[in-house]
Amino acid sequence: MSDCKPEEFLAATICRLVLDPSAPTARHVAVGAASPVPAAACYLAQKLGYPIRLSLLARTQGNPFSDGTRELFDLTGQGRIDLFFLGGGQIDGEANLNLVGTGEWPGKGVRFPGSFGSAFMYMMTPRIILFREEHSPRVLVQKVDNISANGVSPPGVFRRGHAQALVTGRCVFRFHPDRARFSLASVHAGETVDSIRAATGFDFDVDGEVPQTPAPSDQELALLRGAVCDEMLETYPDFCARVFGRKLAA
Amino acid sequence: MSDCKPEEFLAATICRLVLDPSAPTARHVAVGAASPVPAAACYLAQKLGYPIRLSLLARTQGNPFSDGTRELFDLTGQGRIDLFFLGGGQIDGEANLNLVGTGEWPGKGVRFPGSFGSAFMYMMTPRIILFREEHSPRVLVQKVDNISANGVSPPGVFRRGHAQALVTGRCVFRFHPDRARFSLASVHAGETVDSIRAATGFDFDVDGEVPQTPAPSDQELALLRGAVCDEMLETYPDFCARVFGRKLAA
Amino acid sequence: MSLVDLESLAARVPDGSRLAMPPDNSLPSVALAKALIRRGVRGLRLVGVPTSGFATDILVGAGCVAEVETSAVSLGEAGFAPRFSAALKAGEIEMKDATCPAIHTMLQASEKGVPFMPLRGIIGSDILAHRPDWRVMDNPFAESGDPIVLLPALQPDFGVFHAVMADAKGNVWLGRKRECATIAHASKASLVTVERVVEGDFLADETLAPGCISATYIDGIAIAERGARPVALLDEYRMDTAYISDYARMAKSAEGFREWLAIHVFETRAAAAE
Amino acid sequence: MSLVDLESLAARVPDGSRLAMPPDNSLPSVALAKALIRRGVRGLRLVGVPTSGFATDILVGAGCVAEVETSAVSLGEAGFAPRFSAALKAGEIEMKDATCPAIHTMLQASEKGVPFMPLRGIIGSDILAHRPDWRVMDNPFAESGDPIVLLPALQPDFGVFHAVMADAKGNVWLGRKRECATIAHASKASLVTVERVVEGDFLADETLAPGCISATYIDGIAIAERGARPVALLDEYRMDTAYISDYARMAKSAEGFREWLAIHVFETRAAAAE
């Protein structure tokens, strides 16, 4: 498995979270623009035989929606999207996301692009998987400078769900909305609890022995490089070229 | 003019109200389903050279809207519809309309089809022309049994306009929202103030000498039977056959 | 893609379901209404979007309906809806009168996942007085008092309509009749009849996509040729005015309606099964 | 049908106007944005529906913009929007951050002619804390406390977008990009560039009508071939990623951006006029 690319590893890891039998079934998953790894994870789940409906916002051709860019949010409002992916320029220990920028509002330090639909999607989707490949104290902070979308809500505020997990290039955290804290679920090969602590700006819980994140199986790798790549070639040509070494036929 | 049909007479009469220079200009007029006389009036205004945009809800083919049946109401909400036509199973002296039915709510006496969009359109359109060919104490009542749409609103209630006039088979009434009463504007040939009083269930004002409603001019009649009928043949074949004696070529 | 036969589609509708349907100037599934009569469904709560027509009248006449929520019930040029009027007078159905944009708005609230939406107008109409589920509040964005109606979200159990065609993925195409998209978005499930099923994926076709409703919202499809009849289907076929006039005449009496049912709802089926 | 040339269309936009525009995954009129730069418009208040992209960055860089209301500004794969970021840091523009469905909702309120609309979510986000024009109220339909955000209607002065084609009646067709229809419905006026003008009436064609915006909403049309470029136009042409990367590189500095402007906004025009 030494030739497994980080993106393949992360896609397989996310796929397992998507299929987590302890979580409510993900029948319809939406994947935002510029998210090839989550997209690969969902295609992998499909190719493993799970009947997941997948709506890729990045697709300009064969786009899944016919009611404009509003439809994803309406669909989510209706409760028809079971799982969505979010990231953040900063993510803190209470799972708050900052997509606006650092420093004073509205990002007088480093301005990030903006909140997109996060302030809505985070609260209206039953399950959210957070994904940010960079795992550093710069990104995973004790407290975000600005909250684009909040990790937990006070009682009485309508909210369908929370972060299920945070996947980074170093580990998988589980989120516990009851105590608004992450716990370390698994560390990727080469990492330890201490190396994770050193790379993480926020406090997190460690409950007993922390396992290593399993590598993709041969079947998973074969599917990623074959059937998953086939699906993604048109929408993510650069990603497919870089990760799977394949190009769209002219 | 003895061969002028009642529908032609009424269409020309309504056309003059549409073009009334004392009223705000009607740039966009909508005409509900099953309203061939108002439709003919609006086409006549167009053929007389006035640049009126006309949206006919009755058209199943070449329907003016592309956002479903909601679009007329949205368009009106936006303030883009200047003039609309309404009628009623009962109309009373305060210009209240009853399209629901007689007797106890919801029409335990005679049930009419229902209010359609009247409770919204009557308040959100700057100008409404009321049209009901039957002029009898049964239809023009002192007080409607049920209010589908109210003729006037208390101060503070958002309302863009009121009835401009009520056109019947016997006369034209003007409506005065300030005093919530009709006045007799003109009587059709053969009618008098007394004959109108006898046929009307509500009290109305008579200010001085009441003129006779002018008959259509030769030009108006020629346009109605020619260019207006051409426009209407497809949408109102029965009306065109009956009134103009013309049928759609097979 | 969940293609079933028409009778199986009707079998999915439990007694007491709330069904949203477009009227005769849109795309009602008259075929499914007839199948529901054959299945003997009871206690339906019909929502006319935004009004009701032929399909509602036959369902009411056949005793399938407990409640009608709509802005009008009419057979258009053929006049008042006879079985609806008779049932209303006899107290056999509950009537919830609305006004067209209010129906659209209540469905839009469900489409958007919000508990209510405001709408202008209506204040002063007796419709409001008879809708305890509608509220009036002061617009909080106005300087001074500005009463406005708030309408609750309406989520039908089933959206029911007829479309021109379905594709291999279970998407349906019905052109500009976008009220059917709102019905599908707002309803828990949608059951659709179509003229035909074709290959391909409408959503991958830039010309067809805008008039398409995604399979995401569609829970069952049955082929029913001329399934809107006697109502028109876009440019595919026109309204059969003779059929409707004939119905309006026969349905004036309960006996006439039963005769009509025997010929047009039950016999057709028997004949087709031979 | 109001067909004018591109520069005349730009001339209709007074300084200080509020303009609603779709981002790079929809149908921005980059051609009109460039014409607005050439016209030297100042003080624009841009609304990104629901986010902003290339056209916003060049308008900001050229000093045309006073305010940006949007949910994100990005060049997609080419990274952050360089002139927007620089102007924000320099305090040259006011920023009103929103979240995507809130932008849609504020336009839908205008589309519907209501003063506000509710939206779920947002409570707890700093976006809300920085939007004094947004309110939280208790859902009056709930049994117990249920706070919900109310968003005010947003009515832009102009909707600006690019469509595939216009017909002889002034209707425009842009397929499934229905956010542009909402923009047109919500705005006081809409200015549209198109690839071409064709005969006929899209609204009379059942296949084209669903992807059409009626001339009712369209106040000016100019032909601008490849008018969305470098952004994609449905299946007509793809995104020119090299052009955007080139821009992202040059626009890192104010000098580089001025050079880019000279070549791609002013020179093109001079060349075309020869």
Side-chain angles (χ1 to χ4, degrees), chain A residues 33-34 57-63 65-74 76-77 96-101 103 105-125 144-160 236-239, chain D residues 22-23 25-26 48-52 70-77 79-81 84-85 88-89 91 95-102 104-105 107-108 119-130 139 142 144-148 176-182 210 232 234-235 238-239 241:
Chain A
L57 309 187
R59 297 188 67 166
T60 49
Q61 308 220 338
N63 183 294
F65 299 122
S66 63
D67 206 24
T69 49
R70 187 175 78 216
E71 190 170 355
L72 169 70
F73 306 106
D74 285 355
T76 304
N96 294 311
L97 311 181
N98 177 6
L99 296 93
V100 170
W105 187 273
K108 291 285 185 187
V110 177
R111 170 74 196 195
F112 308 145
S115 299
F116 291 97
S118 61
F120 177 84
M121 298 298 287
Y122 207 13
M123 294 170 74
M124 294 299 281
T125 314
V144 293
D145 291 3
N146 297 290
I147 298 176
S148 288
N150 39 311
V152 294
S153 299
V157 173
F158 185 92
R159 176 162 198 149
R160 288 217 180 95
Y236 297 107
D238 296 348
F239 178 85
Chain D
N25 64 353
S26 187
V49 184
T51 64
S52 304
T70 192
S71 306
V73 189
S74 164
L75 297 183
E77 300 292 316
F80 291 1
F84 163 78
S85 299
L88 187 72
K89 186 154 286 184
M95 183 65 197
K96 288 168 89 171
D97 274 277
T99 187
C100 298
H104 291 304
T105 301
L107 293 174
Q108 281 183 284
L119 184 65
R120 284 294 190 194
I122 310 177
I123 295 171
S125 165
D126 285 340
I127 293 170
L128 182 60
H130 290 85
N139 166 18
S144 59
D146 176 22
I148 187 165
R176 75 178 84 189
K177 300 297 184 180
R178 295 194 66 80
E179 55 271 29
C180 294
T182 306
L234 304 184
D235 52 4
R238 293 191 167 227
M239 183 167 281
T241 50

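These values consider heavy atoms only, across backbone and side chains, with no hydrogens, waters or symmetry-generated copies. Convention: sequence-line order gives letters A, B, ...; per-chain numbering from 1.
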Handout entry: Atom pair OG/CZ of D/Ser125 and A/Phe120 - distance to nearest 0.5 Å
Key = 13.0 Å
Exercise for the section: For chain D, find which of A/Ala119, A/Pro113, A/Ser118 contributes the most heavy-atom pairs closer than 4.5 angstrom. Expected result: A/Pro113
Exercise for the section: Heavy-atom distances under 4.5 Å only: say whether A/Thr76 touches chain D with side chain, backbone, both or neither. Expected result: neither
Exercise for the section: Please list, chain by chain and in numerical order, all residues satisfying salt bridge (charged side-chain N to carboxylate O under 4.0 Å, His left out) with D/Asp146, sequence neighbours excluded. Expected result: D/Arg120
Handout entry: D/Leu107 side chain reached by D/Val49 side chain, heavy atoms, under 4.5 Å
Key = yes
Completion exercise
Whatever's closer than 4.5 Å to a heavy atom in chain A on D/Thr51 counts as side chain
Handout entry: Atom group of A/Tyr122 that falls short of 4.5 Å from chain D, counting heavy atoms
Key = neither
Exercise for the section: Just give me the residue among D/Arg178, D/Gln108, D/His104, D/Lys96 that pairs up with chain A most often, heavy atom to heavy atom, under 4.5 Å. Expected result: D/His104
Problem - Contacting moiety of A/Thr69, where chain D heavy atoms sit under 4.5 Å - result: both
Handout entry: Close side-chain approach of D/Lys177 and D/Leu234, heavy atoms under 4.5 Å
Key = yes
Fill in the blank from the handout: Given D/Ser74, D/Cys180, D/Ala98, D/Pro147, the one with more heavy-atom pairs under 4.5 angstrom with chain A than any other is D/Pro147
Problem - Set of salt bridge (charged side-chain N to carboxylate O under 4.0 Å, His left out) partners for A/Arg111, sequence neighbours left out - result: D/Asp97
Exercise for the section: Answer yes or no: is there a donor N or O on one side and an acceptor on the other, between the side chain of A/Arg70 and the main chain of D/Thr105, under 3.5 Å? Expected result: no
Problem - Contact class of D/Ala129 relative to chain A, heavy atoms under 4.5 angstrom - result: neither
Exercise for the section: Would you mind checking which part of D/Thr182 comes under 4.5 Å of any heavy atom in chain A, side chain (CB onward), backbone (N, CA, C, O), both or neither? Expected result: side chain
Handout entry: Any D/Ile123 side-chain heavy atom under 4.5 Å of D/Leu128 side chain
Key = yes
Completion exercise
Given D/Leu119, D/Thr70, D/Thr99, the one with more heavy-atom pairs under 4.5 angstrom with chain A than any other is D/Thr99
Completion exercise
CG of A/Asn98 to CH2 of A/Trp105, rounded to nearest 0.5 Å, is 8.0 Å
Problem - Donor-acceptor pair, side chain of A/Ser148 and main chain of A/Ser115, under 3.5 angstrom - result: no
Practice task
Count the heavy-atom pairs under 4.5 Å between each of D/Gly121, D/Ser144, D/Pro101 and chain A, then report the option with the highest count.
Solution key: D/Pro101
Completion exercise
Under 4.5 Å to a heavy atom of chain A? For D/Ile148 that would be neither
Problem - Selection from A/Arg159, A/Met124, A/Met123, A/Glu71 maximising heavy-atom pairs under 4.5 Å formed with chain D - result: A/Met123
Exercise for the section: Against chain A, work out which of D/His130, D/Lys89, D/Met95 has the most heavy-atom pairs shorter than 4.5 Å and name it. Expected result: D/His130
